[in-house]
Amino acid sequence: MIKRRDFVLGCGSLAVISGIPVAGAATLFAGPGHRRADRFRPFVDTVFTASNEAGQTLGMKLVAIEETRIDRRLEQFRLVFESDERNAEDAIFSLSHRDDPNFVTETVNIEKSATDPSGRTYVAQFCLFSA
């Protein structure tokens with residue numbers, strides 16, 4: 001299983017090895033002039049499928065996009081999901097939309113929300129360089 005730390009370090013290493021400046025790598029992933037959070041806005045209240053390397057598959061409803069603006073040079077937000085699955089492990093998941101085949105699969109770290117005692121809420125956090 002890939003740990004979040006290894007995933008992040010691997011992405012940074014890829015940018016360095018390929019010669020892309022880190023700011024350029026962020027633009028490559030986010031797209032110039034586009035906010036990554038905006039990509040998810042049309043999908044609030046719809047269902048995604050998340051699957052990991054361990055073979056776990058979850059149906060997850062995107063219920064909110066919470067933005068946190070700490071630094072204007074960064075795009076910081078989190079996707080908030082609800083799922084009937086209460087025993088999902090924190091892991092790297094491939095996230096695809098159930099009803100929209102044009103949605104390009106995202107690879108994200110999904111974790112249980114520490115603030116939901118029911119165990120139904122999961123989050124994926126993003127902190128990207130603004131383009």
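Numbering of residues begins at 1 and proceeds along the displayed sequence.
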### Task
Carefully, step by step, assess F77 and R35 under the rule side chain to side chain contact (heavy atoms under 4.5 Å, CB included).
CA-CA 10 Å; F77 66 97; R35 295 177 32 84; over 6 Å; no

### Query
Do the numbers put R98 on top of the ring of F103, so that NZ or CZ is under 6.0 Å from the six-membered ring centre and no more than 45° off the axis?
no

Give the minimum heavy-atom separation between [X] and [Y], together with the two atoms involved.
X: D38; Y: P42; value: O-CD, 3.5 Å
X: D45; Y: V63; value: OD1-CA, 4.4 Å
X: S83; Y: M60; value: CB-CG, 4.3 Å
X: Q76; Y: D71; value: OE1-N, 3.7 Å
X: K112; Y: D90; value: N-OD1, 3.0 Å
X: D116; Y: T121; value: OD2-OG1, 2.5 Å

### Query
Quick one: are F129 and L74 in side-chain contact, heavy atoms under 4.5 Å?
yes

Distance in Å, [X] [atom1] paired with [Y] [atom2], rounded so as to fall on 0.5 Å steps:
X: T46; Y: L62; atom1: OG1; atom2: CG; result: 6.0 Å
X: T68; Y: Q125; atom1: OG1; atom2: CD; result: 8.0 Å
X: I110; Y: Y122; atom1: CD1; atom2: OH; result: 9.5 Å
X: L95; Y: T105; atom1: CG; atom2: OG1; result: 8.0 Å
X: E111; Y: F81; atom1: CD; atom2: CZ; result: 12.5 Å
X: R39; Y: F126; atom1: CZ; atom2: CZ; result: 9.0 Å

### Message
Using side chain to side chain contact (heavy atoms under 4.5 Å, CB included), reason through I65 and L79 one step at a time and then give a plain yes or no.
### Response
CA-CA 5 Å; I65 300 170; L79 304 176; 3.9 Å; yes

### Query
Given the rule in the side chain to side chain contact (heavy atoms under 4.5 Å, CB included) test, do V47 and D99 qualify, once you have shown the distances and angles that lead to the verdict?
CA-CA 8 Å; V47 178; D99 299 325; 5.8 Å; no

### Task
State whether the number of non-hydrogen atoms from other residues, nucleotides or ligands found under 6.0 Å of R72 atom CZ is greater than 12.
no

### Query
Do E66 and R78 meet the salt-bridge criterion of a basic N to acidic O distance under 4.0 Å?
yes

### Message
Hydrophobic cluster membership, with links at side-chain heavy-atom distances under 4.5 Å among I/L/V/M/F/W/Y: are F48 and V44 in one?
### Response
yes

### Transitive ILVMFWY side-chain link V123 to L128, under 4.5 Å
no

